[in-house]
**Student:** 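Handing you a structure now.
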Amino acid sequence: MIREHRSRAKLEAYYEKFSQDGVLDPNVHPWVADSWQQSKKHGVGTEKMAIHHLLSKEAFHELQLKHADAIDYLSDLSDGIKEFFQEYNLSLLLIDADCTVLKSYSLPFYQMTPGEIEGANVGIDQVGTSSISVALEHKAPFWMFGPEMWVKECQLGDACSAPVMVSGELTYIITLVSMEQVAMPQDAVISLLFTMRKALERHLSESVRIKAEEAILDATPFAVYHVLPGGEVAYANRLGHTRLEGIGAKRDPGTRRSASNLNDVIMNYQHTPIYKGFRGIPSYNKEVTWITPAKTYEDITTVVPLERDEDQAVQSVVVVSMPIEDLRTLVAHAAGYTAKYSLGSMVGEGTTFASVRNKAARVAKNKHHVLIQGEAGTGKQRMAHGIHQGSPRAAGPLITLRCGDTTPELLEQELFGVVLNSEVSHQGRLELASGGTLFLDEIEKMPKSIAKELAAALNKGKACRVGEQVERSIDVRIIAACDSDLKRLTERGLFDRDLYDALSKSIVRVPALRSRREDIPKLAAHIISELAEQHQMQPKKILPETEEVLRNYDWPGNIKQLQSVLEYAFFNTTETEINPHDISLMGDVKPDNKWKEDKEVFVKAWQAAGGNVSRLANLLNVSRVTLYRYLKKYGLEKK
């Protein structure tokens, strides 16, 4: 609040009347009157200003560092008007929202020893009424005449304070104080203070915006650069600096950031889209090769030319790039190529499975490729997920490829990638899994020629896409799963020796379910719990006698078959308990089904029995001779 000149004699009389008699004259400004009452309540002395709250040198130094932006900006702003300060014996103060003086510019405030006021608290509870306390209380500019100040030694001159508001919050107070009774151009002083406040508010608001933008750019998975003609990097985000330092850029001791010219670190700079950008040619999501003295990089790069001068010459370009390896990892995570299970989530407390799980945990920590062996349905895929999640590569992608699902030609392209023409090239699973794990299921079905090529690529750490001679670096760990004895297949010449040698350094053998019968009740309970949660249904209890039925079966299909049997019982049982008669060990195949006329029904029963004639005979309650006749009829092999 800006006020007209008042009679000092009257103001002095009002002050004496209140300070001595406690009587408030109605002519006292309401804000001043309220502040006087607070000063008296706080017991602040009226004769001399006593600073009781002064920060230590260490604490004050830290505080100034925290507010260095505002301190430095106001210092630069006030440098050009020091003569004005000196002419009217003015002091400029910067005060934080807690009323601590951060900086005293020009003449010191309240005393002649420079710097004494810095680090002091000048709130109303410390020094009583001042323009500072009123501006803080009402969040408005306020001109205060000398006799209105609470401490008498401060009543020689006037003062004006203005709050600095940033994002709607009072952040600082700037104050101009005259040290003695001299004729001052009040309008000029007020205009100067308002101009400085507005400039500081704009600067701080802009700083907040810039910091937010820098935080956003630092958080992106892209390297961002602002490049000037000649290759000088004017700005880079955090990842950009990391990458610059990775290719040889030096760190600036002053800013602790890399400062370099791209011409000095990129050998093919003049053949890159950045160089073309200065000719006004933009590039969008282009695959670019960067050649540096250390190594060759491949990026997906976008270059956008910025402002032009009067001759239409491009003044700078913005570059956004992402290493192809990082892009693959990002895509892999976005597509859900991550581990869904941990080793700890694999149910089983029996000694047989516990020892296997402990070995898997140890294997997960090493760097070797892994071979998981076990019968179909034993949980090899879940084990692979657990090993990946427990490995140092857990942050990387987990990519899966089933070797028996396609032709040899398509399998090779899926694994290594393929170049279709000069414009179209696709990466394979080996590249997509870079930095993570490639899970090869049914590895025994991989043709020897492809297996040999894979073994060579793993040994070399490089691979070529089909139809291309360019070698690309790969960084991948293989976890392979096999239903049969891969060593025996290798000895018989049915599997590549080199790939087996690479995979067999760490072998985990997952036991059949019939070898860990003690785990069946808990496995069954876990499966029922998962089904209930997945389908948002009430869980069902497996009775002890039902557990006994499950425990005594041989489970040729292992956990996968157990899950199928329990799914059938869960959805076809209306009660809250699963009884023995609810269990159909052949899933949805019942003895009274027309398996004698329907091949599909018979095949389901055959699969449920694991291809074992004796077991199927017991399940269907028929003789082995009868089964042989139907096996022949349906063209199935007997075991």
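Here the structure is a predicted model, which means the values were calculated and not measured. Sequential numbering from 1 along the given sequence is applied to the chain's residues.
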**Student:** Do side-chain atoms of Asp496 reach the backbone of Met446 as a donor and acceptor pair under 3.5 angstrom?
**Tutor:**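 No, the answer is negative, given that no donor and acceptor are paired below the 3.5 Å cut-off.
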**Student:** List for me each residue that meets salt bridge (charged side-chain N to carboxylate O under 4.0 Å, His left out) alongside Glu232, sequence neighbours excluded, and say none if there are none.
**Tutor:**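 Listed in chain order: nothing, the list is empty.
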**Student:** Please check this pair: side chain of Glu442 against backbone of Cys403, looking for a donor-acceptor N/O pair closer than 3.5 Å.
**Tutor:**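 Pair absent, no side-chain N/O of Glu442 close to backbone of Cys403.
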**Student:** Could you go through Lys286 and Thr301, starting from their C-alpha distance and side-chain angles, then the distance that decides it, and tell me whether this counts as side chain to side chain contact (heavy atoms under 4.5 Å, CB included)?
**Tutor:** CA-CA 5 Å; Lys286 184 175 182 180; Thr301 300; 5.6 Å; no
**Student:** For the backbone of Ala512 and the side chain of Asn558, can you confirm whether one donor and one acceptor N or O come within less than 3.5 Å of each other?
**Tutor:**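 Pair absent, no side-chain N/O of Asn558 close to backbone of Ala512.
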**Student:** For Leu239 and Phe222, what are the C-alpha separation, side-chain angles and deciding distance, and is it a side chain to side chain contact (heavy atoms under 4.5 Å, CB included)?
**Tutor:** CA-CA 7 Å; Leu239 181 57; Phe222 306 98; 5.6 Å; no
**Student:** Begin with the C-alpha distance, continue with both residues' side-chain angles, and end with the deciding distance and a verdict on salt bridge (Lys or Arg N to Asp or Glu O under 4.0 Å) for Glu213 and Arg209.
**Tutor:** CA-CA 6 Å; Glu213 290 176 352; Arg209 184 185 65 80; 2.5 Å; yes
**Student:** Taking all non-hydrogen atoms of both residues, which atom of Val510 and which atom of Thr378 are closest, and how far apart?
**Tutor:**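 Between these two residues, the closest heavy atoms are CG1-O, 3.5 Å.
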**Student:** May I have the step-by-step check of side-chain hydrogen bond (donor to acceptor under 3.5 Å, both in side chains) for Asn237 and Arg243, ending in yes or no?
**Tutor:** CA-CA 10 Å; Asn237 68 344; Arg243 298 204 60 211; over 6 Å; no
**Student:** Only counting residues at least two apart or in another chain, list the ones meeting side chain to side chain contact (heavy atoms under 4.5 Å, CB included) with Leu410.
**Tutor:**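 Counting only residues at least two positions away or on another chain, Leu410 forms a side chain to side chain contact (heavy atoms under 4.5 Å, CB included) with Thr406, Thr407, Gln413.
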**Student:** Under a 3.5 Å distance rule, please check whether Arg477 uses its side chain to pair with a backbone N or O of His368 as donor and acceptor.
**Tutor:**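 Yes; judged by distance alone, with no hydrogens or angles, the pair exists.
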**Student:** Distance-only, no hydrogens or angles: does the Thr437 side chain make a donor-acceptor pair with backbone N or O of Ala433 under 3.5 Å?
**Tutor:**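 Not a single qualifying donor-acceptor pair exists.
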**Student:** Can you give me the closest heavy-atom contact between Pro229 and Val314, atom names plus distance?
**Tutor:**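 Looking at all heavy atoms of both residues, the shortest contact is CG-O, 4.1 Å.
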**Student:** Step by step, would you call Ile527 with Leu562 a side chain to side chain contact (heavy atoms under 4.5 Å, CB included)?
**Tutor:** CA-CA 9 Å; Ile527 291 170; Leu562 174 65; 4.0 Å; yes
**Student:** Test side-chain hydrogen bond (donor to acceptor under 3.5 Å, both in side chains) on Glu530 and His526 and set out the steps.
**Tutor:** CA-CA 6 Å; Glu530 281 189 340; His526 180 73; 3.1 Å; yes
**Student:** Determine, stepwise, if the pair Arg393 / Asp475 fulfils salt bridge (Lys or Arg N to Asp or Glu O under 4.0 Å).
**Tutor:** CA-CA 10 Å; Arg393 293 174 172 266; Asp475 173 23; 2.6 Å; yes
**Student:** Roughly how far apart are Leu432 CG and Leu398 CG, rounded to 0.5 Å?
**Tutor:**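 Reported to 0.5 Å precision, the distance equals 10.5 Å.
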**Student:** Could you tell me if the side chain of Leu401 sits less than 4.5 Å from the side chain of Leu411, heavy atoms only?
**Tutor:**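 Result yes, sub-4.5 Å side-chain heavy-atom pair found.
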**Student:** Determine yes or no for a side-chain-to-main-chain donor-acceptor pair under 3.5 angstrom, with Lys359 supplying the side chain and Ile507 the backbone.
**Tutor:**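 Answer holds: yes.
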**Student:** Rounded to the nearest 0.5 Å, what separation is found between the OG atom of Ser484 and the NZ atom of Lys445?
**Tutor:**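 The distance works out to 9.0 Å.
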**Student:** What residues form a salt bridge (charged side-chain N to carboxylate O under 4.0 Å, His left out) with Asp519, not counting sequence neighbours?
**Tutor:**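 Here the qualifying residues are Arg516.
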**Student:** Tell me whether the centres of the aromatic rings in Phe570 and His535 are closer together than 6.0 Å.
**Tutor:**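 No.
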**Student:** Is a side-chain N or O of Thr171 found less than 3.5 angstrom from the main chain of Glu169, in a donor-acceptor match?
**Tutor:**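 Answer holds: yes.
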**Student:** Donor-acceptor check, side chain of Asn263 to backbone of Gly230, threshold 3.5 angstrom: yes or no?
**Tutor:**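 Side chain of Asn263 to backbone of Gly230, a donor-acceptor pair under 3.5 Å: yes, one is there.
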**Student:** If you take all heavy atoms of Met383 and Leu343, which pair is closest and at what distance?
**Tutor:**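 Of all heavy-atom pairs spanning Met383 and Leu343, the closest is SD-CD2, 3.7 Å.
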**Student:** Side chains of Ile479 and Val370: does their closest heavy-atom pair fall under 4.5 Å?
**Tutor:**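 Sidechains of Val370 and Ile479: in contact.
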**Student:** Could you check if a side-chain atom of Val470 sits within less than 4.5 angstrom of a side-chain atom of Val419, using non-hydrogen atoms only?
**Tutor:**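 Counting from C-beta outward, Val470 and Val419 never come under 4.5 Å.
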**Student:** Salt bridge or not for Asp485 and Arg492, using N-O below 4.0 Å?
**Tutor:**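 Not counted as a salt bridge, because no side-chain N and carboxylate O are separated by less than 4.0 Å.
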**Student:** Looking at Asp299 and Ser321, what are the two nearest heavy atoms and their distance?
**Tutor:**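 Closest pair (atom of Asp299, atom of Ser321, distance): OD2-OG, 3.4 Å.
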**Student:** Side chain to side chain contact (heavy atoms under 4.5 Å, CB included), that's the test. Do His369 and Lys505 meet it? Break it down for me.
**Tutor:** CA-CA 7 Å; His369 303 299; Lys505 288 182 173 64; over 6 Å; no
**Student:** Compare all side-chain heavy atoms of Pro282 with those of Val304 and state whether any distance is below 4.5 angstrom.
**Tutor:**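 The answer is no; the side chains never approach within 4.5 Å.
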**Student:** Decide yes or no for Phe416 and Glu453: does some side-chain heavy atom of the first lie under 4.5 Å from some side-chain heavy atom of the second?
**Tutor:**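 When only atoms from C-beta onward are counted, Glu453 and Phe416 do touch, with a gap below 4.5 Å.
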**Student:** Nearest 0.5 angstrom please: Glu414 CD to Asp405 CG, how far?
**Tutor:**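 Glu414 atom CD to Asp405 atom CG measures 10.0 Å (nearest 0.5 Å).
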**Student:** What's the separation between atom CG in Asp501 and atom CG in Asn459, rounded to the nearest 0.5 Å?
**Tutor:**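 Nearest 0.5 Å value for the CG-CG distance: 11.0 Å.
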**Student:** Out of curiosity, Lys365 NZ to Ser506 OG, how far, rounded to the nearest 0.5 Å?
**Tutor:**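 Interatomic distance, Lys365 NZ to Ser506 OG, rounded to 0.5 Å: 14.0 Å.
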**Student:** In Å and rounded to the nearest 0.5 Å, what is the CD1 to CG distance from Ile478 to Leu371?
**Tutor:**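 With rounding to 0.5 Å, CD1 (Ile478) is 12.0 Å from CG (Leu371).
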**Student:** Taking all non-hydrogen atoms of both residues, which atom of Tyr500 and which atom of Phe495 are closest, and how far apart?
**Tutor:**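 Where Tyr500 meets Phe495 most closely, the heavy atoms are N-CE2, 3.8 Å.
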**Student:** In plain terms, say whether Lys380 and Asp441 are close enough for a salt bridge, that is, a side-chain N and a carboxylate O under 4.0 Å apart.
**Tutor:**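 Salt bridge between Lys380 and Asp441, a charged N being under 4.0 Å from a carboxylate O: no.
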**Student:** Looking only at non-hydrogen atoms, find the nearest pair between Pro273 and Ser283 and report the distance.
**Tutor:**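 In terms of heavy atoms, the two residues are closest at CB-OG, 3.4 Å.
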**Student:** Can you confirm whether more than 12 heavy atoms, excluding those of Glu349, are under 6.0 Å from its CD atom?
**Tutor:**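 No, not enclosed.
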**Student:** Side-chain contact test, heavy atoms from C-beta onward, threshold under 4.5 Å: evaluate it for Glu491 versus Arg497 and give yes or no.
**Tutor:**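 Result yes, sub-4.5 Å side-chain heavy-atom pair found.
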**Student:** Does Glu206 come within less than 4.0 Å of Arg202, counting only side-chain N to carboxylate O?
**Tutor:**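 No, Glu206 and Arg202 are not salt-bridged.
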**Student:** Would you check if Val303 and Val227 make a side-chain contact, meaning some heavy-atom pair closer than 4.5 Å?
**Tutor:**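 Heavy-atom side-chain distance check fails, nothing below 4.5 Å.
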**Student:** Is the side chain of His241 donor-acceptor paired with the backbone N or O of Ala236 at a distance under 3.5 Å, no angle test?
**Tutor:**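 It does hold such a pair.
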**Student:** Check whether any side-chain N or O of Arg429 sits under 3.5 Å from a backbone N or O of Thr400 as a donor-acceptor pair, and report yes or no.
**Tutor:**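 Yes: the side chain of Arg429 pairs with the backbone of Thr400.
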**Student:** Would you check if Gln270 and Tyr275 make a side-chain contact, meaning some heavy-atom pair closer than 4.5 Å?
**Tutor:**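 In short, these two side chains touch, coming nearer than 4.5 Å.
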**Student:** With Arg465, which of Gln427, Glu431, His426 fulfils side chain to side chain donor-acceptor pair (under 3.5 Å)?
**Tutor:**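 Considering Gln427, Glu431, His426, a side chain to side chain donor-acceptor pair (under 3.5 Å) with Arg465 is found only for Glu431.
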